[in-house]
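The structure under discussion appears below in the form of structure tokens.
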Amino acid sequence: MSRSSFSPHVSDDGVSGASRRSKAEASVNVVTPDFDAEVTASVPFLRGKALTAAIAFVAGTGFTLFGYDQGVMSALLTAKQFEDVFPQVVVDANNPGNHATLQSFVVAIYEIGCLIGALSNLWVGDWLGRRKTIVLGGIIMIIGAILQTASFSYAQLVVARIITGLGNGLNIRSCFLPSAYHVLVDPLFNHSQWIDFAFFWLSGSSAQWRVPISLQIILALIMIVGIFWLPESPRWLAKHGRDAEALAVISALDGKPHTDATVQQTYHGIREAIAAESHLGNDSSPLREVFTNGRSQNFRRAFLGVVVQCFQQITGINLITYYATLLFERLGIDDVKSRIIAAANGTEYFLASLIAIFLIDRVGRRPLMLFGAVGQTITMVLLAVLGSIDSSGTQVASAVLLFVFNSFFAVGWLGMTWLYPAEIVGLRIRAPANAFSTASNWTFNFMVVMVTGPSFNNIGWGTYIVFAALNAFIIPIVYFFFPETAGRSLEGKSHMDVVFALAYNEGVSPVKVSLRKDVPPAGSPEADEILGITGHDGSVREDAFRTGEKA
């Protein structure tokens, strides 16, 4: 591809790759003694792989805590002591028809708390930083868990679940992990069903449901204590003028000296993005920039993040996540066996997710999403067909298919939708864009969980037809509109910035560009020209801070 084929345009940060490299190289050779001493004094206790493992453990605890409170309700809904205290969740011929709605509501309301927490993270996270936000979220979750454990009325339980969700919403975006860890820890919550089963035998005591709920407190305490061993986000430190600490954290994460060229390049990439934000002022804040297009294609990219989170929920995974025990009981399986199978279903879900760890970066995001959607569509169709035939054989087959659905979802969609929103957008709008995408997750999570109970109560196996159609709808949307993001950088100017700018310049689909092998890497002279940072002659454009037109 010739350099002259690129149309010069406006960039996102106004700093050329050559400029960035020269800064990094200069920083290696020119370090003031005072700054050097400050960086050395700010080095975290843990470094390299030890620090990465500690971050994964604490953040993984946060994700496990997030899921535990979802999965723990699955088996409790049919626990005798739970039904005695909350008769509103009992759905049978002897109770009012609105009980199906009330049952779904007490489960789904948790997501509304998560939604509020996720949106509040737009300003709380920037104000407090990741560490303090996680501590605050953990404390709120502990308060919510205590109130849930001590509940003696339906209204109290509803309020307590909102509070717990609020804390979780604050945590979940702060606990962002690399791809492999996301895929691994996200399904761990299904093991809560084994805990439910362990206390199922206490049918004469409210400990049957109070103890499983209270165990969230232990997870939250582990997360809170663990966070004190971890450093703050380098981007937050740099944004708040704590440059030496930011450089020290980057150095520790890479396990290299702070004078190393790659450490310096990452550090300057973050600094340049922050400088660009400051240069733009209040009229072009990151939140406002989400709604711009032009060559940056910010709105389109943020919208893809919102859509992918929506798609994860409308697959129907939460039919199983929240209602596994009830689903197996609907198949004519007795109470004890339903609980065992539901717990085994969660364990199989976890094991299936391990497959994605080895595939997600090798195969790519698009192929796995398409694979999952196709498999989920076929599985839902089969569940609907078998559900319309009432026999012992079809009931066994349906139970197996619930395991199959989990497997397709674990490989194709489980961790994917937490990665994709962060990878598809540029650094400058990542915080607000991810807040919107996470809000989409909670909103559609609430919707699906809320309608599931009444849907099964009214149309039975027809519910599977609805979700089969939704999964089928996902397939062409992903194929035609979702660019590949595997292997792209997340800091500074990302490769996806180049992909979308080049697609805009040439008037082609970003999907096609993302699959090409001739796209120049971010930071190269060719990439800077595509982004409009430099003109054909290599000079830096004075208007390089402009970002594009309104959406």
Side-chain angles (χ1 to χ4, degrees), residues 63 65-79 82 86 88-91 97-118 144 148 154 157-166 168-169 172 186-187 189-190 192-193 196 209 213 216 309-330 342 345-346 349 376 380 383 402 405-406 409 413-414 417-418 438-460 462-471:
F63 265 87
L65 181 60
F66 142 59
Y68 184 92
D69 200 51
Q70 292 180 311
V72 75
M73 292 300 292
S74 174
L76 296 185
L77 290 174
T78 56
F82 191 81
F86 310 108
Q88 295 89 344
V89 305
V90 180
V91 180
N98 70 337
H99 274 213
T101 301
L102 292 175
Q103 182 191 73
S104 292
F105 184 75
V106 76
V107 177
I109 197 63
Y110 172 74
E111 316 302 337
I112 296 301
C114 292
L115 172 63
I116 297 171
Q148 284 189 75
Y154 181 85
L157 183 62
V158 167
V159 172
R161 284 185 62 75
I162 294 174
I163 294 173
T164 309
L166 174 62
N168 178 67
I172 207 64
D186 230 21
F189 64 81
N190 284 278
S192 62
Q193 293 164 347
D196 287 345
W209 64 271
I213 288 180
Q216 298 171 75
Q309 288 277 28
C310 163
F311 281 178
Q312 185 195 55
Q313 295 306 312
I314 66 173
T315 59
I317 183 59
N318 283 323
L319 300 183
I320 305 170
T321 301
Y322 288 93
Y323 299 106
T325 305
L326 286 171
L327 289 179
F328 289 117
E329 287 183 0
R330 285 180 58 86
N345 180 270
Y349 185 25
Q376 289 157 194
M380 283 292 183
L383 281 168
L402 291 175
F405 183 90
N406 269 1
F409 181 85
W413 286 88
L414 177 59
T417 47
W418 294 103
T438 305
S440 171
N441 181 283
W442 303 131
T443 301
F444 285 95
N445 195 331
F446 172 80
M447 182 194 74
V448 170
V449 177
M450 190 67 217
V451 303
T452 295
S455 179
F456 273 111
N457 199 45
N458 288 286
I459 63 174
T463 303
Y464 293 122
I465 294 179
V466 174
F467 285 101
L470 290 172
N471 277 282

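Here, residue 1 is the first one in the sequence, and each next residue gets the next number. None of the values given here were measured: they were computed from a predicted structure.
- Between W442 and Q313 the shortest side-chain heavy-atom distance does not fall below 4.5 Å.
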Apply the test side chain to side chain contact (heavy atoms under 4.5 Å, CB included) to residues Q312 and W418: give CA-CA distance (whole Å), side-chain angles for both, the deciding distance (0.1 Å), then the verdict.
CA-CA 10 Å; Q312 185 195 55; W418 294 103; 4.2 Å; yes
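- Aromatic pair Y349/F405: ring centres not closer than 6.0 Å.
- Within the 4.5 Å cutoff, the side chain of I213 has heavy atoms near those of the L76 side chain.
- Judged by distance alone, with hydrogens and angles left aside, the side-chain atoms of N458 form a donor-acceptor pair with the main-chain N or O of P454 at under 3.5 Å.
- Separation of atoms OH (Y110) and CE (M73) is listed at 11.5 Å; rounding is to 0.5 Å.
- Two residues are said to be in side-chain contact when any heavy atoms from C-beta on lie closer than 4.5 Å; L157 and F86 meet this criterion.
- The distance from the CG atom of N406 to the CG atom of N345 is 4.5 Å, given to the nearest 0.5 Å.
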Given side chain to side chain contact (heavy atoms under 4.5 Å, CB included), test N471 with W413 step by step and report yes or no.
CA-CA 12 Å; N471 277 282; W413 286 88; over 6 Å; no
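- With values rounded to the nearest 0.5 angstrom, N168 atom CG is found 12.5 Å from I116 atom CD1.
- Under the 4.5 Å side-chain criterion, counting only non-hydrogen atoms from C-beta, M450 is in contact with T101.
- With rounding to the nearest 0.5 Å, the separation of CD1 in I162 from CD in Q148 is 10.5 Å.
- One distance of note links CZ of R161 with CG of L166; it measures 13.5 Å at 0.5 Å rounding.
- Side-chain atoms of H99 come within 3.5 Å of backbone N or O of V90 as a donor-acceptor pair.
- Between Y323 and N318 the shortest heavy-atom distance is CD1-O, 3.8 Å.
- Closest heavy-atom contact between T438 and A118: CG2-CB, 3.8 Å.
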How far apart are the C-alpha atoms of F311 and T417, what are their side-chain angles, what is the distance that settles it, and do they pass the side chain to side chain contact (heavy atoms under 4.5 Å, CB included) test?
CA-CA 9 Å; F311 281 178; T417 47; 5.9 Å; no
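- When every heavy atom of Q103 is checked against every heavy atom of V89, the shortest pair comes out as NE2-O, 2.9 Å.
- Between F328 and T325, every side-chain heavy-atom pair lies at or beyond the 4.5 Å cut-off.
- When side chains are defined from C-beta on, Q376 counts as touching F409, because their heavy atoms get closer than 4.5 Å.
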Check against side chain to side chain contact (heavy atoms under 4.5 Å, CB included), L402 and L383:
CA-CA 8 Å; L402 291 175; L383 281 168; 4.0 Å; yes
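- Rounding to the nearest 0.5 angstrom, the gap separating the CG atom in L115 from the CD1 atom in I109 is 10.5 Å.
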Set out, in order, the CA-CA distance, both residues' side-chain angles and the distance that settles side chain to side chain donor-acceptor pair (under 3.5 Å) for Y322 and S104, then state yes or no.
CA-CA 9 Å; Y322 288 93; S104 292; over 6 Å; no
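- Nearest heavy atoms, Q88 versus L102: O-CB, 3.7 Å.
- The shortest non-hydrogen separation linking Q216 to L65 is O-CD1, 3.4 Å.
- Contact detail for G460 and R330: the closest heavy-atom pair is CA-NH2, 3.7 Å.
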